[in-house]
Amino acid sequence: MEPNTNFSSTNPPAVAFVTMGCAKNEVDTQRMQSQLRRAGFAIANDPQTANAVVVNTCSFIQSATEESLEAIFEVAGMPNVAAGAALIVAGCMPARYGEELADELQEASAFVPCSKEDDISSIVAGALGLTDSVLEDLRSATLGAVPEGAIALDGTRAVSAYVKISDGCDRFCSYCTIPYIRGRYHSFPYEQVRQDVADRVAEGVREVVLIAQDTGRWGQDFDEPSSLGTLAGKLADEFADTWFRIMYIQPEGITDELLATVAGHDNICNYFDIPLQHVQPRILKAMHRKGSREEYEQLMEHVRDTVPGVTLRTTLIAGFPGETEDDFDELCDFVEEGQFDYIGVFAYSREEGTRAYDLPDQVEDDEKAFRAQRLRDLADDVCTPLIASRVGSTVDVLVEGTEEDGQLFGRAMCQAPEVDGVTYVDHGKPGEIVQVKIADTLLYEMEGE
């Protein structure tokens with residue numbers, strides 16, 4: 001592309017994002033948006049009006065890769081991109097597939113793997129052919145500018161925000177591509193996490209969700225080791241009017257220190273998201289994970305005894321190589337015990353480059369899908385009565401917004417963003433925390449009055 005001389009501080013290039021995948025990708029998108037704003041770029045909500053469109057891809061499993069490819073081709077067909085706007089592919093797909101992806105996607109102007117996302121401003125500038133003088137003009141216009149408030153990816157004002165506390169993973173579960181995409185585990189320093197939280201709070205965010213590939217390992221890799229319990233406690237003490245929620249804690253990360261910290265702070269959600277994946281020891285060993293049904297049952301009992309009124313979520317994988325019908329029946333029996341308020345279920349996805357790809361006794365795709373759906377149906381049968389048992393209780397609800405028909409909705413501490421349903425309320429405004437009595441439930445939704 002020839003250098004563009006039409007842009008200036010009064011007419012900055014607009015960059016839009018299309019974000020695929022999980023909450024961690026949303027955080028990466030928001031960080032890239034902040035860097036672009038500081039460099040003088042404008043952020044557009046509509047990709048069809050932008051001078052550059054960044055597709056932040058997910059490639060954790062094959063279906064996510066396919067969805068990301070669909071998004072890329074959809075953006076490539078937009079009139080502005082067809083006319084010369086830059087299409088930039090970022091995130092997991094460039095990290096996982098490297099030069100192979102560049103050879104296949106000729107439509108893209110540039111590729112930004114996870115490790116290069118901090119260079120997004122210079123990469124966008126290069127894709128747009130901006131001259132040094134234009135870049136200096138853009139940067140100069142942002143000096144002393146007041147940062148914009150927290151904005152959700154749909155362009156609305158955010159009352160809840162994700163903050164990453166680490167990246168990468170050292171577990172190398174045999175089915176997982178994350179270590180190859182994100183690299184080895186590394187905790188973010190406390191001051192960096194604290195500053196991210198402080199920025200979100202200053203922008204009006206009322207709930208901060210701490211996330212990582214493995215939140216329970218935070219601080220263990222420091223020269224002077226620390227812990228997730230210490231991190232959560234310090235943040236909750238300093239930001240006493242903010243809710244804190246912790247997601248993605250592996251079973252080994254549920255320590256007595258963490259449980260005591262959550263139980264001792266009213267502003268830390270008594271909510272634990274603990275991905276177990278399976279309960280049969282032979283299958284867990286093949287997954288390169290530890291544990292057993294008995295150990296997990298004891299852990300859940302200990303959590304419930306230590307943190308009154310706790311809400312528990314887990315994720316399970318159906319159809320892993322070597323899973324027999326007896327193994328699956330044991331997993332179903334475990335679900336029927338009603339240990340968890342919420343359960344996410346995934347059919348095993350055979351991913352090239354992982355150790356599980358070449359394991360013997362691969363389960364047929366139709367059988368994997370059948371088992372996953374059976375497990376989801378069973379989880380619904382078990383979990384929805386647990387949700388219904390909340391009728392008559394009084395809870396605090398963080399009001400998030402309104403439906404198209406004007407109905408207010410929010411979330412209680414027992415509901416994580418995007419995955420656990422919402423609570424409908426009859427008073428309050430976005431950003432307020434209101435107290436309601438649960439009058440009714442429908443599946444995973446609650447109605448307060």
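As the structure is a computational prediction, the values presented were derived from the model and not from experiment. Hydrogens, waters and symmetry mates are skipped; everything else that's a heavy atom, side chains included, is used.
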Minimal non-hydrogen separation, [X] against [Y], with atom names:
X    : Y    : value
Q277 : Y175 : CG-OH, 3.4 Å
T242 : N267 : O-ND2, 3.1 Å
L398 : V159 : CD2-O, 4.0 Å
S174 : A286 : OG-O, 2.7 Å
I181 : C114 : CG2-SG, 4.0 Å
P94  : V89  : CG-O, 3.4 Å

- [ ] Verify side-chain contact (heavy atoms from CB on, under 4.5 Å) between F41 and V124, making sure each step is shown before the conclusion.
- [x] CA-CA 9 Å; F41 293 84; V124 171; 3.7 Å; yes
Straight-line distance of [X] [atom1] to [Y] [atom2], nearest 0.5 Å:
X    : Y    : atom1 : atom2 : result
F334 : L276 : CZ    : CG    : 5.5 Å
E351 : T177 : CD    : OG1   : 6.0 Å
F73  : S68  : CZ    : OG    : 11.0 Å
R184 : D221 : CZ    : CG    : 11.0 Å

Parallel, tilted or perpendicular for W218 and F222, by the 30°/60° rule?
perpendicular
**Message:** Below 30° counts as parallel, above 60° as perpendicular, anything between as tilted: where do the rings of F244 and F239 land?
**Reply:** tilted
Query raised in the report: Charged N to carboxylate O under 4.0 angstrom, R31 versus D28?
Result: yes
Do the side chains of E252 and K290 get close enough for a salt bridge, i.e. N-O under 4.0 angstrom? no
### Message
Could you go through D377 and Q373, starting from their C-alpha distance and side-chain angles, then the distance that decides it, and tell me whether this counts as side chain to side chain donor-acceptor pair (under 3.5 Å)?
### Response
CA-CA 6 Å; D377 292 341; Q373 190 57 53; 2.9 Å; yes
Check: F320 ring centre within less than 6.0 Å of F346 ring centre:
no
| field | Lys NZ or Arg CZ of K24 over Y248 ring: under 6.0 Å, within 45° | value | yes
Could you list the donor-acceptor pairs under 3.5 angstrom formed by side chains in residues 439-449, with sequence neighbours left out?
{"from": "Y444", "atom 1": "OH", "to": "D380", "atom 2": "OD1", "distance (Å)": "2.8"}
{"from": "E445", "atom 1": "OE1", "to": "V422", "atom 2": "N", "distance (Å)": "2.7"}

Open item on the list: salt bridge (charged side-chain N to carboxylate O under 4.0 Å, His left out) for R371 and E367? Distances and angles first, verdict last.
Closed with: CA-CA 6 Å; R371 292 183 186 182; E367 179 64 19; 2.8 Å; yes
(request) For R390 and D341, run side-chain contact (heavy atoms from CB on, under 4.5 Å): C-alpha distance rounded to whole Å, both residues' side-chain angles, the deciding distance at 0.1 Å, then the answer. (result) CA-CA 11 Å; R390 299 172 185 165; D341 302 88; 3.8 Å; yes
